[in-house]
Structure formats: C-alpha cells, structure tokens
**Student:** 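Mind looking over this structure? Questions follow.
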Amino acid sequence: MTLYRLIYSSYGQSNLGYHDLKDIMEKSEKNNQFDGVTGLLCYGDSVFLQILEGDRTIISKTYHRISLDPRHHSPELIECTPIESRVFGVWSMKAVNLSALNSQEVRNLILKYSLSTTLRPENMTSEQCLNFMKAVAIFYNKAASS
Ligand code: FAD
C-alpha cells in the first residue's frame, strides 16, 4: 500500500443543518473504516476542511465521490502527498463542528494558523492546514474528556 495524505476544502450549502453533518459523519465512519481511510473533517464558518489518509487509489476514489456530493460545493484540492505514517490513525473519520466548541479558543486557533479569525483554507498553506487540524484534534480531545 502506498500511504498518502489528501487535504481539501469546500463550502457547505447554505441550507446545511445538524442532520446533514450527522449523516456525513456516520457514512464517513462506516465507509472509511471499511476502506482503511483515517482522518479529520472540520466544519466552521460555512467551510469544510478535511484530511484523508490511506492508500492512494482509495483516497483518490473517496475524494472524487465526496466532491460530487450536493451538500457542499467548490471543492479545492490543497495537498495530496506521500506520507510515512498516519497522523489521525485512531479516527476512521471524526467530524468536528467548530461552532460547538468554545468560540474564543476556536478563533485563537484559526488566527494562529492563518491571518484571520475566519476559517478560509484557500488563504492557508497545506502545512498551516495540517497543523491547524492537528491542533483541532488536540483541542477536541481535551473538550471531550473534560
Ligand atoms: P449513499 O449514502 O447511499 O449515497 C448515494 C448517493 O446519494 C451519493 O451520491 C451521495 O452523495 C448522495 N446522498 C446521500 N445522502 C444525501 C443527502 N442527505 N443529500 C444529498 N445527497 C445525498 N463519505 C465517505 O465515505 N468518507 C468521507 O470521508 C466523507 N467525507 C465527506 C465530507 C463532506 C464535506 C461531505 C459533504 C460528504 C462526505 N462524505 C464522505 C459523504 C460522501 O459524499 C457520500 O455521500 C458517501 O460516501 C456515499 O455513501 P454511500 O456509498 O453509502 O452511498
């Protein structure tokens, strides 16, 4: 298996609701577990930022399937690169809704990895996106265990 990491962003449809996010998370966990795909999906400021890790052919197929989903639009591929090991290996796909977390801490996190307090991955480098997602995972784990 050739292990790759793919990062992309997209915009959620304006009528996107809690049930859509729940459905996306449930489908993702089920399909990704079957496919050996791990990663993190983050939603905030109407934007999705997702990292997929796994076999190159499989994450490519997964990305193409996701990009056709009518619940979001304007997908932008930020990175697709070979990696030695997984960063999000424990998660077949964890979806983090940023609006459900402490807003000031979330804004500080976004500001730390970009030049604004609004999540706009198109203005971030792939390295900033990866580091932001790592920080979100740590932040989410802390919030979930407290
Ligand atoms: P089904 O769930 O049976 O879906 C069949 C078709 O209907 C697909 O084309 C699907 O896009 C569409 N569909 C399903 N539900 C809805 C709905 N409520 N509204 C409109 N159309 C719908 N899937 C993964 O497997 N892994 C991921 O990591 C992943 N990440 C995602 C991230 C984002 C931002 C979005 C928007 C979707 C993501 N999905 C992910 C879902 C993906 O786009 C497909 O919906 C899903 O993989 C299809 O699952 P399925 O093969 O079981 O088919």
Side-chain angles (χ1 to χ4, degrees), residues 1-103 105-107 109-114 116-141 143-144:
M1 177 171 92
T2 318
L3 194 60
Y4 266 67
R5 173 176 62 237
L6 185 150
I7 307 178
Y8 79 90
S9 67
S10 64
Y11 282 84
Q13 291 295 1
S14 52
N15 58 353
L16 199 79
Y18 168 78
H19 290 290
D20 294 307
L21 292 174
K22 191 165 173 281
D23 180 68
I24 290 168
M25 189 171 104
E26 285 171 1
K27 287 275 161 55
S28 302
E29 280 184 349
K30 185 169 145 268
N31 291 344
N32 294 356
Q33 197 166 17
F34 182 81
D35 287 337
V37 171
T38 51
L40 181 63
L41 172 65
C42 180
Y43 181 69
D45 296 328
S46 306
V47 167
F48 285 108
L49 180 61
Q50 185 170 26
I51 293 185
L52 299 166
E53 302 167 327
D55 176 74
R56 188 177 70 185
T57 305
I58 290 177
I59 61 167
S60 175
K61 278 187 188 158
T62 305
Y63 173 67
H64 285 292
R65 191 172 70 241
I66 294 170
S67 67
L68 296 174
D69 194 311
R71 291 171 286 190
H72 65 160
H73 63 92
S74 315
E76 183 182 328
L77 188 58
I78 296 170
E79 176 185 80
C80 187
T81 189
I83 50 172
E84 286 186 1
S85 59
R86 296 171 193 254
V87 170
F88 302 96
V90 292
W91 285 336
S92 47
M93 188 50 62
K94 176 59 74 182
V96 177
N97 186 355
L98 294 180
S99 64
L101 300 173
N102 179 301
S103 61
E105 288 181 72
V106 167
R107 293 296 148 206
L109 261 192
I110 296 171
L111 188 57
K112 185 172 174 191
Y113 295 101
S114 65
S116 99
T117 51
T118 305
L119 184 60
R120 287 290 171 261
E122 66 266 32
N123 298 330
M124 294 161 72
T125 65
S126 56
E127 197 182 0
Q128 284 172 325
C129 289
L130 176 63
N131 288 333
F132 171 70
M133 294 293 260
K134 283 182 188 171
V136 167
I138 292 169
F139 185 56
Y140 173 84
N141 278 336

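In this text the structure is predicted, and so the values were computed from the model without any measurement. Whatever order the structure lists ligands and atoms in, that order sets their numbers, starting from 1. When reading the values below, keep in mind they use all heavy atoms of this one structure, side chains included, and skip hydrogens, waters and symmetry mates.
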**Student:** Distance below 4.0 Å between atom 40 (C) of ligand 1 and any protein heavy atom?
**Tutor:** yes
**Student:** Among protein heavy atoms, which lies nearest atom 47 (O) of ligand 1, and at what distance?
**Tutor:** Arg65 NE, 2.8 Å
**Student:** Under 4.0 Å and counting heavy atoms only, is there anything from the protein next to atom 37 (C) of ligand 1?
**Tutor:** yes
**Student:** On a heavy-atom basis, which atom in Phe88 and which in Leu130 lie closest, and how many Å separate them?
**Tutor:** CE1-CD1, 4.3 Å
**Student:** Checking contacts here: is it the side chain or the backbone of Ser28 that comes within 4.0 Å of ligand 1, counting heavy atoms only? Could be both or neither.
**Tutor:** both
**Student:** Just to be sure I read this right, does ligand 1 sit under 4.0 Å from the backbone of Tyr8, its side chain, both, or neither, counting only heavy atoms?
**Tutor:** side chain
**Student:** Side chain or backbone, does His72 bring an N or O within less than 3.5 Å of an N or O on ligand 1?
**Tutor:** no
**Student:** Who's the nearest protein heavy-atom neighbour of atom 10 (C) of ligand 1, and how far?
**Tutor:** Asp69 OD2, 4.4 Å
**Student:** What do we get for Asn32 next to ligand 1 when only non-hydrogen atoms under 4.0 Å count, side chain, backbone, both or neither?
**Tutor:** side chain
**Student:** N/O of Arg71 under 3.5 Å from N/O of ligand 1, yes or no?
**Tutor:** yes
**Student:** Might you point out which heavy atoms bring Arg86 and Thr38 nearest each other, and give the distance in Å?
**Tutor:** NH1-OG1, 2.9 Å
**Student:** Can a salt bridge be assigned to the pair Glu26 and Lys22 using a cut-off of 4.0 Å between side-chain N and carboxylate O?
**Tutor:** yes
**Student:** Would you check if Arg65 and Asn31 make a side-chain contact, meaning some heavy-atom pair closer than 4.5 Å?
**Tutor:** yes
**Student:** Please check whether Lys27 reaches ligand 1 - meaning an N/O of the residue sits under 3.5 Å from an N/O of the ligand, judged on distance alone.
**Tutor:** yes
**Student:** Using the ring of each side chain (for Trp, its six-membered ring), is His73 parallel, tilted or perpendicular to Tyr11, with breaks at 30° and 60°?
**Tutor:** parallel
**Student:** Starting from the C-alpha separation in whole Å, work towards a yes-or-no answer on salt bridge (charged side-chain N to carboxylate O under 4.0 Å, His left out) for Asp35 and Lys61.
**Tutor:** CA-CA 10 Å; Asp35 287 337; Lys61 278 187 188 158; over 6 Å; no
**Student:** Heavy-atom count around Gln33 CD within 6.0 Å, excluding the residue itself: above 12?
**Tutor:** no
**Student:** Under the 4.0 Å line, does any protein heavy atom show up next to atom 6 (C) of ligand 1?
**Tutor:** no
**Student:** Do you see a protein non-hydrogen atom under 4.0 Å from atom 53 (O) of ligand 1?
**Tutor:** no
**Student:** Can you check atom 45 (O) of ligand 1: any protein non-hydrogen atom closer than 4.0 Å?
**Tutor:** yes
**Student:** Give the atoms of ligand 1, by number and element, whose distance to some non-hydrogen atom of Phe48 is under 4.0 Å.
**Tutor:** 34 (C)
**Student:** Counting only heavy atoms not in Tyr113, do more than 12 sit closer than 6.0 Å to its OH atom?
**Tutor:** yes
**Student:** Under 4.0 Å, heavy atoms only, figure out whether ligand 1 is touched by the backbone of Leu52, its side chain, both or neither.
**Tutor:** side chain
**Student:** Within a reach of under 6.0 Å around CZ of Arg56, are more than 12 heavy atoms found that belong to other residues, nucleotides or ligands?
**Tutor:** no
**Student:** After noting the C-alpha distance and the side-chain angles of Phe132 and Leu119, does the key distance pass the side chain to side chain contact (heavy atoms under 4.5 Å, CB included) rule?
**Tutor:** CA-CA 10 Å; Phe132 171 70; Leu119 184 60; 3.8 Å; yes
**Student:** Out of all atoms in ligand 1, which are within 4.0 Å of some heavy atom of Pro70? Include the element for each.
**Tutor:** 20 (C), 21 (N)
**Student:** Looking only at heavy atoms, what is the nearest atom pair of Glu53 and Val87, with distance?
**Tutor:** OE2-N, 2.7 Å
**Student:** Of the listed options (Thr38, Leu16, Asp23, Asn31), which comes nearest to atom 49 (O) of ligand 1 when hydrogens are ignored and any heavy atom counts?
**Tutor:** Asn31
**Student:** Indicate whether atom 17 (C) of ligand 1 is within a distance of less than 4.0 angstrom of some protein heavy atom.
**Tutor:** yes
**Student:** Under 4.5 Å between any side-chain heavy atoms of Ile66 and His72, yes or no?
**Tutor:** yes
**Student:** Relative to ligand 1, is Lys30 under 4.0 angstrom through side chain, backbone, both or neither, heavy atoms considered?
**Tutor:** neither
